[in-house]
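In what follows, a structure is listed as structure tokens, so that the remarks can point back to it.
Every chain is numbered from 1 and lettered A, B, ... according to where its sequence line falls, protein lines coming before strand lines.
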Number of protein chains: 2
Amino acid sequence: MVSSLGCAKIGCKMYDYVATSGMSESGINMLELSRITRNYQRGDLIFKQASPSQELYCLRSGQVLLSHTDAFGHKTAFRVAGPREIIGFRSFFGEDDHAATAEALTNCTICLHTRPTINKLIDTCPGFARVFMRTLARDRGPADALVLRGQHVPVRTRLVYLLLIMKDRQGVKETKGNLSFELPVLRRDIAALLGARAESVTRAISELKKDGVVTIKNRTVTIPSLKRLYAETQRGAEAKAAS
Amino acid sequence: MVSSLGCAKIGCKMYDYVATSGMSESGINMLELSRITRNYQRGDLIFKQASPSQELYCLRSGQVLLSHTDAFGHKTAFRVAGPREIIGFRSFFGEDDHAATAEALTNCTICLHTRPTINKLIDTCPGFARVFMRTLARDRGPADALVLRGQHVPVRTRLVYLLLIMKDRQGVKETKGNLSFELPVLRRDIAALLGARAESVTRAISELKKDGVVTIKNRTVTIPSLKRLYAETQRGAEAKAAS
DNA sequence: CGTACCGTTGAGGTGAGTCAAAGTAAGTGG
DNA sequence: CCACTTACTTTGACTCACCTCAACGGTACG
């Protein structure tokens, strides 16, 4: 079993929420008492699309891929969650079955919080509800990657956007002027995030490499010039102002 | 000026929320006192992308198109709101600038609710917060139309989905076995909803007509067989089960 | 009767999907 | 340590749905 350190000690998001919502010790104790900690192996399903949503999941370590499979059997990924992020909240508060599948990209440790506890927290502290409303409102859910999936933007550009997002989420190393970081996902997952096929991702990668914008070797991304990467973003964007 | 009937009398959504959240008269009075009613003409902007979000808008009559314009100047519509629907709540609770533009498709009457009132309602009644959290969680926002914009689904099929959604939202008439209803939007808006171009929509429409699935003349949609229309939905969906 | 907007139709180009096959990396068991 | 399996990645050839551009028809309104 995992260490029994409290949420406070490990910098858990739920703890932050309870704390910033101006709640006393009692709220934190409530969380601690009902918290369930689980470990997942790489590849494990944390929850599955269309299964009932019972808990709120709070990542302590590891990475999780959230994806949605439509009626046509097409898988679209819309979020990569990391430590200190909460997942499953949309279905939880929507009181709906899970709209997405969560899969462990790496080994993960996750805290589960049950409905009675969360409801009690909401009832006793309006601030807590307010913080969560903010989270819900800001999370675009499957739309998070709206840019990433707009058909009018070429795969190459969408990939660049994704890299810029990933860069800020993953640990970035700097070696002799080059930034580099590790991708937490496979080609096929990148494809799912971009709404493209793995082959197209490969082609976009080799194009970007050819043009010296970024190099992606296996899981390692190397950026010679961040400026150059940002410039890529503007490709074909002579921004015809909207009506 | 518009009639001063209370929200209760006109079946306003906000009133429902306050009522079902088990709140007393006081909550409803609070709403009534601070409510501002406005009229908009067809084509008017109700709020604009990137402008600060100050109020919650509750439609009393008319139809509103919600759309988002990306950095490339591409407009994507993601929702058509009608009477008794609330708009602008995502930015309101996200405490962000508006992520979308709301435009009146027809003449509209809309109630505005200000932040202090809403906050007070949340603070005094956890049930009210809970109801709104449910709304926020269930609203996919710009992703609502995820199916409608999946590139892997042909425009023709996406259009059929849209028609099925519209059918349930608009008043449907039945004349000698044929269902028919009015589209509240222009071709260009349909295109924005589908993530396609107006020309492609036209082509899809004429194809569907040729195959006798639906007829769309100007704004009037005629459906000879609902069964046939649903069947259209399955086009090319030999559902290769996802991995 | 012109202006303006919407809708339709046609011709042409292309980005990305599909299919198929070869190359590479990683784990397993003898 | 090496064959063998399995999974992931890359490359190439082909096809097609949709975009783009451009012209034309229809309807409303001054």
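The pair B:Glu207-B:Arg156 counts as a salt bridge, with a side-chain nitrogen and a carboxylate oxygen less than 4.0 angstrom apart. Contact check on B:Glu199 versus B:Arg203 returns no salt bridge, with no Lys/Arg side-chain nitrogen under 4.0 Å from an Asp/Glu carboxylate oxygen. In this structure, A:Arg38 does not pair ionically with A:Glu55, as no charged nitrogen and carboxylate oxygen lie closer than 4.0 Å.
When each of C:dT9, D:dT11, C:dG7 is scored by its nearest atom to the side-chain atoms of A:Ser206, the top-ranked nucleotide is D:dT11. Side chain of B:Thr202, nearest nucleotide from D:dC19, D:dC8, C:dG7: C:dG7.
Straight-line distance from the CD1 atom of B:Ile190 to the P atom of C:dG7: 8 Å, rounded to whole Å. The distance between atom CZ of A:Arg156 and atom C1' of C:dG15, rounded to the nearest whole Å, is 13 Å. Rounded to whole Å, atom C1' of C:dT9 lies 15 Å from atom NZ of B:Lys210. Between B:Arg187 atom CZ and C:dT9 atom P the separation is 11 Å, expressed in whole Å. Atoms CD1 (B:Ile216) and C1' (D:dG26) sit 18 Å apart, rounded to a whole Å. Rounded to whole Å, atom C1' of D:dA28 lies 13 Å from atom CZ of B:Arg219. For the pair A:Arg158 CZ and C:dG17 C1', the interatomic distance rounds to 12 Å; values are reported in whole Å. Straight-line distance from the NE2 atom of A:His74 to the C1' atom of C:dA16: 12 Å, rounded to whole Å.
A close approach under 4.0 Å does occur between a side-chain nitrogen or oxygen of B:Ser200 and OP1 or OP2 of D:dC19. Dashed line: the shortest gap from a side-chain N or O of B:Arg197 to OP1 or OP2 of D:dT20 is under 4.0 Å. Within the 4.0 Å cut-off from OP1 or OP2 of D:dC8, at least one side-chain nitrogen or oxygen of A:Arg188 is found.
Between A:His152 and B:Phe72, the ring planes are perpendicular. Angles over 60° get that label, and only those under 30° would be called parallel.
Below the 3.5 angstrom threshold, one finds a donor paired with an acceptor across the side chain of B:Arg203 and the base of D:dT20.
Nearest-nucleotide positions on DNA chain C for A:Glu199 and A:Lys217 put A:Glu199 closer to the 5' end.
Each of B:Leu163, B:Thr220, B:Asn218 was compared with B:Leu183 under the side chain to side chain contact (heavy atoms under 4.5 Å, CB included) criterion, and only B:Leu163 meets it.
Using a 4.0 Å heavy-atom cutoff across all strands shown, B:Leu186 reaches sugar-phosphate atoms only and no base atom. Within the 4.0 angstrom heavy-atom criterion, no nucleotide atom of any strand lies near A:Ala198.
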